[in-house]
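In what follows, every heavy atom counts, from backbone to side chain, and hydrogens, waters and symmetry copies are set aside.
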Amino acid sequence: MATTEHPPPSRLRTWMLEGLSDMGKQGGHTGPHAQPEPPHKGQRWWRVMCLTGVDYFSTLGYQPGIAALAAGLLSPVATIVLVIVTLAGALPVYRRVAEESPHGEGSIAMLERLLTFWKGKLFVLTLLGFAATDFLITITLSAADASTHLVENPHLTSALHDKQMLITLILVALLGAVFLKGFLEAIGVAVALVAVYLALNVVVVIVGVWHVATAGHVITDWSSALTAEHGNVLAMVGVALLVFPKLALGLSGFETGVAVMPHVQGDEGDTEEAPRGRIRDTKKLLTAAALIMSVFLITTSFITTLLIPEKEFESGGQANGRALAYLAHEYLGNAFGTVYDVSTIAILWFAGASAMAGLLNLMPRYLPRYGMAPHWARAVRPMVIVFTLVGFLVTWIFDADVDAQGGAYATGVLVLMSSAAIAVTIAARRAQQRGWTIGFAVVSAVLLYVTVANVVERPDGVKIGACFIAGIILISLLSRLARAFELRVTSVTLDDMAERFVRDMASRKMRFIANEPDQRDKAEYRDKIEQIRADNDMPEQEDFVFVEVTVTDPSEFEASLTVRGEVLHNRYRVLTLESSSIPNALAALLLHVRDSTNCTPHMYFEWTEGNPFANFLRFLLFGQGEVAPVTREVLREAEPDRVRRPRVHTG
C-alpha cells in the first residue's frame, strides 16, 4: 500500500520474477516486481494432451513388465480390469473435476470449499504434500527409469554401468533448464516426443500381434496354461481383482491432466469465471488420452505376456522394466531397438515435464495466498530452481533406484485420485444427482480399496508422503511466521460515506480511534472518547472518527478491504471494516488515507491486557491480540520513512 521508492531491480531479478504469463494462464499470478505482460491464449487441447501424455504414455516403458510380474499369465486379463476402471471410473471422475475446478487446482480446490479456518488450510497442505509426492517422484522416478534404459542398452552397458546416479541428476537438471527457458518450449518438445514414441509403439505392437497371429501355438499354449493354472473365468477375474492394486501406476496421468488445464486454449468467449471452451476441450484431452492409453495397455500386455519368457521379466532379466524394448530388439533388430530405446529414454526423461507444469500451477495458487511462501513463489523460474534442487535431493536419497521410489509414487497418485473421487461424489450429492452420486461413490470405494491395499503392501510410500507433508507444513508455518508483520491488504475501497468522512478530516488533524465494537450504544462511544482524551491529555475540541474491524477468517492471508462509513446516534462517525487481521486492516486504512489526502493520519489505541506472548499468538492464529504494537510494526515495515509514516498513539 505504501508508495516508497525502491531501487530498480537487477536484470537477473527481473528475469527470475517474470511471473506466470508464459504459463498460458489468463490473469495468472505474477511476480511482485514483474512487469505485466499480455496473457497468452493457451494451446490447442491435443498439444496440451502431449504435455500430460509424456507422463501418462511413458508408463508403457514399464507397465507391461509390472503387469507380467504381478499377474503372470493373467496379465492381459488384469490389464483389462485396469482399463475398465480407467474408462468407467477415473475418466468420469476427472471429467467432473474439470467442470468443478477449471483453473487447474483439481480436487484440492473442491475439497477446500468444504472446510474453513485453519483446519481447511492444514487439510489443503496435507493434500499438497501428497501432490508434491506424486509430482516430484514422477520427475525423479522417470529420470531414474530413463537412465536405467540407457545403462541397460546392449551397446552402452559396459561404458555406463556405474553412472546411473550421475545420468539421473543430469536428466533432472536438463528438465529444469527447459522450464527456465520457457513453457512454450516445453510443450513443443512434448508434442515431438509423444508423436515419435507412440508411432514407434504402434510398429512394435503391429509386429508383436503379427508374430502372435502367425505362430498359432502361442495363443493355444497360453490359454491352456491359463486354464490349468486358474480353472475358470470367474477365478481368473477374482485373481485379476486381487492383483489390480499392483497395476495402479497405469492410472497415472489424470491428475496431471487436470493440473495443466489452464494451458488449454478454449474459446474466444471464455472468461475465468466461465471457461466453457476450456472445460469442453479438457474433457476431450482426458478422453483421448484415456482411450489411446487403454488400447496400448491391452495390446502391449497381450504381446509381452505371450512372446517374452517369464524369467526375462524378473530382476536381472532382459525384459525387466523394459518389456517393449525387449520386443523391439528381438523382432525388429538392434538398430530399431536402439531407436526405440532412445525414444523411451527421451519420453521418460520428459515425463517429469507434466509433473513440473502441475507443480508450477498448483503450489503458487495456494502457498503464497495462505502467506505460507515468499512473494517470489508466485513466479515460475524461482520455483523451477526449487523443485529441481528437491529433485536432486530425492534422487540422492533413493540412489536413483526406480523400485525404491515406486511405492511413494503410487501412494501419491492413489491418494489424489481417491480425493478426486470423493470430491465429485460430494459435488454430485449437493447437485441432487442421485445416479452420479451412486456411481462416483462406487468409484471412490474402488480407489480407496486400491489405496489401502497399496499402502499395506508398500508402507514406505506413506512414510515418504508423510515426510513431504511434514516438510511443506513446517516450511509453510515458518514462512507465515516470517511474514507476520507484512502488509497483506491488496486494495482498499471506501464507500461514499467513508470518503466524505476522510475529506472532512483532511482539512484539519486526522484522528482515528481503534474501537472493539461491543454494544455500539451511545455510552460506549462517549466513554471511549473521554478515555482517549484523558490517556493522551487532549483538549475537548478535538474530534475523532471511530474505526471498527470485524475479523472474518483469520487463516486467510491476503484480501482486499472495503471500508463503509456510518453515523451512529446522530453524532458518532464510524468506519467499519471486515478483515482476517485487525492490525493489517488498520495499517492499510491509515496508509490509504495518507496517500489519498497527503496528510498524516493519527490513530489512538488502548493497551491490550494480558500476557504479551499469548496476545502475539492470538494475533498469529486469530488476527487479534496485541493490536497497537503490531499495527505500528506493520506500518514500519510497509513505510520505512518515519516522516511519512502514519502515527500510532497508545495510552
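Within the model, atoms OG1 of T79 and CZ of F296 stand 14.5 Å from one another, a figure rounded to the nearest 0.5 Å. To the nearest 0.5 Å, atom CG of residue L127 and atom OG1 of residue T133 are 11.0 Å apart. Here CH2 of W349 is found 6.0 Å from CG of L174. Values are rounded to the nearest 0.5 Å. Atoms CZ and CE, on F350 and M356 in that order, are 10.0 Å from each other to the nearest 0.5 Å. Rounding to the nearest 0.5 Å gives a distance of 6.0 Å between OG of S142 and CG of L348.
The side-chain heavy atoms of T287 and R95, taken from C-beta on, include a pair separated by under 4.5 Å. Within the 4.5 Å cutoff, side-chain heavy atoms of Q63 are placed close to those of L82. You'll find the side chain of Y340 reaches within 4.5 Å of the side chain of Y197, heavy atoms only. Within the 4.5 Å cutoff, no side-chain heavy atoms of R44 are placed close to those of D281. Here the side chains of L91 and T86 are not in contact, with every heavy-atom distance at 4.5 Å or above. Looking only at side-chain heavy atoms (C-beta outward), M293 and V83 stay at 4.5 Å or farther from each other. Residues T140 and F392 have side chains not in contact (no heavy-atom distance under 4.5 Å, counting atoms from C-beta outward). Side-chain contact between E99 and K283: present, with at least one pair of heavy atoms (C-beta onward) separated by less than 4.5 Å.
Between R278 and D267, no side-chain nitrogen of the basic residue sits less than 4.0 Å from a carboxylate oxygen of the acidic one, so the salt-bridge criterion is not met.
Side chains of T395 and T168: no donor on one and acceptor on the other come within 3.5 Å.
Within a 6.0 Å radius of CD in Q433, more than 12 heavy atoms belonging to other residues, nucleotides or ligands are found. No more than 12 heavy atoms of other residues, nucleotides or ligands lie within 6.0 Å of CH2 in W436, so this atom counts as exposed by the packing criterion.
For an aromatic pair to be called close, the ring centres must be under 6.0 Å apart, and Y56 with F254 satisfies this.
Remark: side-chain polar atoms of S75 are not paired, donor with acceptor, to backbone N or O of G72 under 3.5 angstrom. Under a 3.5 Å cut-off, the side chain of W222 and the backbone N or O of L73 do form a donor-acceptor pair. At least one donor-acceptor pair under 3.5 Å links the side chain of T425 to the backbone N or O of A421. With T305 contributing its side chain and F302 its backbone, the two residues share no donor-acceptor pair below 3.5 Å.
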